[in-house]
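Note sheet for the following structure.
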Amino acid sequence: MKIAIGCDHAGFKLKDAVVNFLKGRQIDIVDMGAYEYNKDDDYTDAAFKVAGTIISEEANAGILLCGTGFGISIAANKMPGIRAVSCWNVESATMAKAHNGINVIAMGGNIVKPENVPEILSAWLDTEFQGGRHTRRLNKIAMAEKSTLTIAHQGGGRVVIFNHPLVQHKVSIIRDVNTSVKQFRELLQEIAGLMVYEITRNLPLHEVEIQTPIEKTIGHTIEGRKLAIVPVLRAGLGMVDGILQLVPNAKVGHIGLYRDPTTLEPVEYYCKLPFDIEERDIFVLDPMLATGGSSSAAISLIKKRGGKKISLVCLIGAPEGIDRIRKDHPEVEIFIAALDSHLNDHGYIVPGLGDAGDRLFGTK
Ligand code: PRP
Ligand code: URA
């Protein structure tokens, strides 16, 4: 078992007691900081990092420490699949596990004494989730969670996963091995079009005065912001028209990369970007974020040519690909329609949809 731990300055005083307890139980620790006392740090950072390690299955569960355990659990509970509760004694930890199946326990450094940490953590770890009616309730929480867009911060730019029913519906059809090339093309454009609403959410607006047939009013229009979309050839081409339908003035660059089938490393063969790329908000398009090598190389190329504000828009992502982008380009926002489980031995996303380029162009 692996447990991720995270704290802010107010929880720091409990950290040694937590680490000693886990070591005593021979439980592996993923330490997400804080590593030293800093009165200005934010509990949210620890919460999102610990939640991220559970979502990516790097850890099975988490322990969060702040002043009361309240704020840090509220933050962690924003992440999909996280059930975090602040516990202050054996009874609260036992109930939180038995009835609520918490996968993250929070504790407050201003509430819990270090000497009480072992009994609270033992109660949490040794109590079984009771299932039954409690499972039904947890399932309802999970459904409510699925109906909203998921935004996960893993210590860098946002990772936005689209849980919208229309997107999920179309992603399920595009995955199907029996979906024709024609349908595949149409679906990829449609999904890319649906994603535009979210990827353009932060475009700045300015006020304009409008005369309606009834009266004068104030409306909002998008400021003349310069956008560029950059598909990664080949498969990224399949997303271009869906996006241009909604932002028709965006300029389009192209980056040619293919993944060497043996090394899985990206090989560059083409790059043509708008001349004023440094002034534009740039959306890199690639349906598949597998090892992340291709997308990372595309982003590096754009940065070399002056690109600054870059987001990555993908159809399906694997945790390995997200980690790679987080590591190579921590500030880049990632938008994906679906987050899959893992990569197989050939670097294909599981369950994925197979080879996106071949399915889009009918080359296999
Ligand atoms: C596919 C896909 C991505 C890349 C993802 O391209 O379109 O660009 O693989 O894999 P990665 O994250 O492991 O780099 P491919 O190399 O098959 O080229 P193609 O689009 O020309 O078919
Ligand atoms: N490239 C694809 O087209 N599909 C995968 O699953 C991985 C890389």
Side-chain angles (χ1 to χ4, degrees), residues 56 154 156-157 159 161 170-181 183-185 187-189 191-192 195 229-243 252-273 282-303 310-330 332-364:
S56 63
Q154 292 173 308
V159 181
I161 304 160
K170 288 178 192 294
V171 170
S172 300
I173 303 173
I174 209 169
R175 286 182 191 278
D176 191 329
V177 67
N178 296 313
T179 293
S180 68
V181 171
Q183 280 176 302
F184 191 96
R185 274 184 204 141
L187 284 162
L188 189 52
Q189 301 292 5
I191 297 166
M195 293 176 81
I229 56 175
V230 182
V232 177
L233 307 182
R234 290 176 298 168
L237 287 175
M239 301 169 79
V240 172
D241 288 345
I243 294 188
V252 184
H254 292 88
I255 291 181
L257 289 172
Y258 70 88
R259 205 171 65 149
D260 183 287
T262 324
T263 63
L264 300 185
E265 287 302 315
V267 182
E268 177 196 335
Y269 59 88
Y270 188 75
C271 181
K272 181 90 182 171
L273 301 177
I282 304 155
F283 297 105
V284 176
L285 312 180
D286 194 336
M288 308 306 277
L289 179 63
T291 63
S294 307
S295 293
S296 178
I299 294 166
S300 297
L301 260 176
I302 295 171
K303 282 184 177 173
I310 305 170
S311 304
L312 176 63
V313 186
C314 304
L315 179 67
I316 299 182
E320 293 89 333
I322 291 177
D323 288 348
R324 173 77 185 265
I325 302 297
R326 279 282 71 90
K327 183 165 144 281
D328 295 354
H329 307 286
V332 164
E333 289 197 333
I334 305 171
F335 297 89
I336 50 176
L339 175 61
D340 275 10
S341 154
H342 64 282
L343 300 179
N344 68 16
D345 292 344
H346 305 288
Y348 276 86
I349 299 177
V350 181
L353 51 69
D355 187 300
D358 284 337
R359 294 202 59 189
L360 180 68
F361 294 105
T363 39
K364 234 183 217 161

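One-based numbering, in listed order, for ligands and for the atoms of each. Computed from a predicted model, the values in this text were never measured in an experiment.
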### Query
So L315 and V171, side-chain contact (heavy atoms from CB on, under 4.5 Å) or not? Walk me through it.
CA-CA 8 Å; L315 179 67; V171 170; 4.2 Å; yes
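- I325 contributes atom CD1, which lies 11.0 Å from atom CD1 of I336 (distance to the nearest 0.5 angstrom).
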### Task
I would like to know whether H254 and L237 meet side-chain contact (heavy atoms from CB on, under 4.5 Å); could you show each step before the answer?
CA-CA 9 Å; H254 292 88; L237 287 175; 3.8 Å; yes
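- When non-hydrogen atoms are compared, ligand 2 lies under 4.0 Å from the backbone of A356 as well as from its side chain.
- Nearest-residue assignment for atom 2 (C) of ligand 2 (options G357, P351, G354; heavy-atom criterion): G354.
- The closest protein non-hydrogen atom to atom 5 (C) of ligand 1 is M288 O, 3.4 Å.
- When only interatomic distances are considered, the shortest N/O to N/O separation between I349 and ligand 2 falls below 3.5 Å.
- Checking L285, V230, I229 one by one against V313, the side chain to side chain contact (heavy atoms under 4.5 Å, CB included) holds for a single residue, L285.
- The protein atom (non-hydrogen) at minimum distance from atom 4 (C) of ligand 1 is S294 OG, 3.5 Å.
- For atom 7 (O) of ligand 1, the nearest non-hydrogen atom of the protein is D286 OD1, 3.2 Å.
- When each atom of ligand 2 is checked for a heavy atom of G347 under 4.0 Å away, the hits are 7 (C).
- At the top of the distance list for atom 5 (C) of ligand 2, counting protein heavy atoms only, stands Y348 CD2, 3.3 Å.
- The A290 neighbourhood of ligand 2 comprises atoms 7 (C), 8 (C), with distances under 4.0 Å to a heavy atom of that residue.
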### Task
Give the C-alpha distance, both sets of side-chain angles, the deciding distance and a yes or no for side-chain contact (heavy atoms from CB on, under 4.5 Å) between I191 and K170.
CA-CA 7 Å; I191 297 166; K170 288 178 192 294; 3.6 Å; yes
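- At a heavy-atom cutoff of 4.0 Å, ligand 1 is contacted by both the backbone and the side chain of A235.
- Taken to the nearest 0.5 Å, the OG atom of S294 stands 11.5 Å off from the CD atom of E268.
- By the 3.5 Å distance cut-off applied to N or O atoms, Y269 is not counted among the residues near ligand 1.
- Considering both main-chain and side-chain atoms, R234 comes within under 3.5 Å of ligand 1 through a nitrogen or oxygen pair.
- In summary, the atoms of ligand 1 found under 4.0 Å from a heavy atom of D355, numbered by their order in the structure, are 17 (O), 22 (O).
- The shortest N or O to N or O distance between L264 and ligand 1 is not below 3.5 Å.
- Rounded to the nearest 0.5 angstrom, M288 CE and I349 CD1 are separated by 4.0 Å.
- Distance screen at 4.0 Å: atom 1 (C) of ligand 1 has no protein heavy-atom neighbour inside the cut-off.
- Per-residue contacts place G292 under 4.0 angstrom from the following atoms of ligand 1 (heavy atoms of the residue considered): 11 (P), 12 (O), 13 (O).
- Taking 4.0 Å as the cut-off between side-chain N and carboxylate O, R359 and D355 do not count as a salt-bridged pair.
- Counting atoms of ligand 1 from 1 in the listed order, those under 4.0 Å from a heavy atom of Y258 are 16 (O).
- Here is the list of ligand 2 atoms found below 4.0 Å of a heavy atom in R259: 7 (C), 8 (C).
- Distance check for atom 19 (P) of ligand 1: a protein heavy atom is found below 4.0 Å.
- From the protein, the heavy atom lying nearest to atom 11 (P) of ligand 1 is T291 OG1, 3.3 Å.
- Listed by number with element, the atoms of ligand 1 under 4.0 angstrom from any heavy atom of R259 are 10 (O), 11 (P), 13 (O), 14 (O), 16 (O).
- With respect to D286 and R234, no salt bridge is recorded, no charged nitrogen being found less than 4.0 Å from a carboxylate O.
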